[in-house]
Amino acid sequence: MKKILSLLSVLLFTFHVQAQKANYNLLVGTYTNTAGKSEGIYTYNFHTFSGTTRLKSVAKGIVNPSYLTVAPDRKFVYSVNETGATSTVSAFGFNSYSGKLTFLNKQDSHGADPCYITADNKNVVVANYSGGSLAVFGRNADGTLTGPKQIIQHTGKSIDPEKRQESAHVHMVQFTPDKKYLICNDLGEDHIYVYSYNPASKDRLLSIKTVLKTNAGSGPRHLTFSPNGRFAYLTHEFNGSITAFVYSNGNLNKIQEIGTTDPEFKGRIDGADIHVSPDGKFLYQSNRGDANSISVFSILSTGKLNFVSRISTEGKGPRNFAIDPSGNYLLVGHQYTNNIVIFKRNKATGELKDTGKRIEVGSPVCLVFTPIN
């Protein structure tokens, strides 16, 4: 009897561990002031074996939480509140079991329309799109945000004929894999800034290491690193192209530029998001505008890309997408058709297939997976 009970205990423990590995939280940031009628930040349970979802919690009354980040300890979540000149940054306590977010405090974003946010153990960094600036906030032990430790204002411009580059537009801030630097894409200037990062400093956490020029009028938007940290891939908003880099010690060395639309495509592109699969074998990039597509590329050992396929995202405005940690599924958030489309990934070929599964939610524009502790 003791042996049977012992075996049952082992089986139950193994089942519990496997269940935990299969389930993740999916946090969804939204626009609340649109026809989609979002109520705030949504937390879903996502099952990586079946691709099924279950709503766990909704943090209501949060205005335009259009981009989110989870703290490294997964106890806190930080959100931008994109409201023009009155924009703020909010801090929340996070219970990963229930999915519940508890508001802690907020700070002025010190720049209009923050569109990206990232955090490490000490600080939270925000990209202010319309304001053309980035701001660094401290993190207290209780997760609350301090006032800004440093604000950096960009002042350049570029040549876009639609006047989207008449001033600086900081679109992304992201720590490098080695955590020694911060990458900052300025869509308005056609520049990539690499800042040296000193998290222990009180007032000069960031200092310019180098500035890279992208092709004039391309609009650098989002950048992603390969899991091994050797390569980086930048998508440009205005033409949807991708620039591939070799990364080492704060240096980005360009090795390739490649398009993401059919050569005969004549519509508006509006490149949006870009991510590498967890196994580092494939790259995915989304376009909005008239394209509403997602492209798949295989990643060679050199870091260069080979085109694999391109499919419709089955919605309008694929502003953000995410690959679940298992690599089984890719989820696309559609800003204008108010849903998240779930695609199955073929891990061998990288290709995507629509599962028919949908999450109906207003104006989803940021998808973040995080483990259930």
Side-chain angles (χ1 to χ4, degrees), residues 12-30 32 38-62 64-81 89-106 116-126 137-145 174-175 177 179 227 275 277-278 320-333 340 342 357 359-362 364-373:
L12 286 171
F13 177 77
T14 302
F15 177 79
H16 175 74
V17 170
Q18 291 299 321
Q20 286 296 101
K21 287 183 178 180
N23 289 282
Y24 283 81
N25 284 313
L26 171 66
L27 278 70
V28 181
T30 68
T32 59
S38 165
E39 294 184 287
I41 301 174
Y42 294 74
T43 305
Y44 295 87
N45 184 88
F46 184 82
H47 193 274
T48 62
F49 294 170
S50 65
T52 55
T53 59
R54 173 179 56 85
L55 181 63
K56 296 173 70 172
S57 179
V58 184
K60 299 181 180 181
I62 305 164
N64 288 345
S66 62
Y67 213 87
L68 316 171
T69 191
V70 180
D73 62 10
R74 302 195 290 271
K75 295 180 180 179
F76 305 100
V77 170
Y78 299 94
S79 163
V80 303
N81 304 110
V89 183
S90 295
F92 303 88
F94 180 53
N95 184 317
S96 70
Y97 290 104
S98 67
K100 184 178 179 181
L101 292 167
T102 303
F103 176 75
L104 299 176
N105 80 326
K106 64 182 178 180
Y116 205 102
I117 186 168
T118 190
D120 68 0
N121 290 320
K122 292 183 178 293
N123 300 298
V124 172
V125 189
V126 176
F137 301 86
R139 291 183 55 208
N140 294 314
D142 62 359
T144 56
L145 292 166
Q174 181 179 176
F175 293 112
K179 309 301 181 185
H275 294 286
S277 59
N320 188 240
F321 68 89
I323 303 169
D324 86 82
S326 74
N328 289 331
Y329 296 91
L330 184 149
L331 283 66
V332 182
I340 298 170
I342 301 175
K357 298 182 174 71
I359 303 174
E360 303 297 331
V361 59
V365 289
C366 182
L367 311 181
V368 181
F369 283 102
T370 185
I372 299 173
N373 290 344

Practice problem: Please check if any side-chain donor atom of Thr144 sits under 3.5 Å from a side-chain acceptor atom of Asn105, or the reverse. | Solution: no
Practice problem: Would you indicate whether the side-chain heavy atoms of Val77 and Thr370 approach each other to under 4.5 Å? | Solution: no
Quiz prompt | Lys357 atom NZ, over 12 foreign heavy atoms within 6.0 Å | solution = yes
Quiz item: Does a side-chain heavy-atom distance below 4.5 Å link Phe46 with Asp324?
Solution: yes
Self-check item: Candidate list Ile323, Leu330, Val28, test side-chain contact (heavy atoms from CB on, under 4.5 Å), partner Leu367, passing option
Solution: Val28
Quiz item: Do Asn373 and Arg74 have side-chain heavy atoms sitting under 4.5 Å apart?
Solution: yes
Quiz item: Considering only heavy atoms from C-beta outward, does the side chain of Leu104 approach that of Asp142 to under 4.5 Å?
Solution: no
Quiz prompt | ring pair (Phe, Tyr, Trp, His ring centres under 6.0 Å) involving Tyr116 - partner list, sequence neighbours excluded | solution = Tyr67, His222
Quiz item: ring pair (Phe, Tyr, Trp, His ring centres under 6.0 Å) with Phe175: which residues, sequence neighbours excluded?
Solution: Tyr197
Quiz item: When the ring planes of His47 and Phe49 are compared, do they come out parallel, tilted or perpendicular, using 30° and 60° as the limits?
Solution: perpendicular
Quiz item: Do the side chains of Phe103 and Phe92 get nearer than 4.5 Å, heavy atoms only?
Solution: yes
Exercise. Would you check, one step at a time, whether the test side chain to side chain contact (heavy atoms under 4.5 Å, CB included) holds for Gln174 with Thr118?
Key: CA-CA 6 Å; Gln174 181 179 176; Thr118 190; 5.6 Å; no
Exercise. May I ask you to test the Asn45-Ile372 pair for a side-chain heavy-atom distance under 4.5 Å?
Key: yes
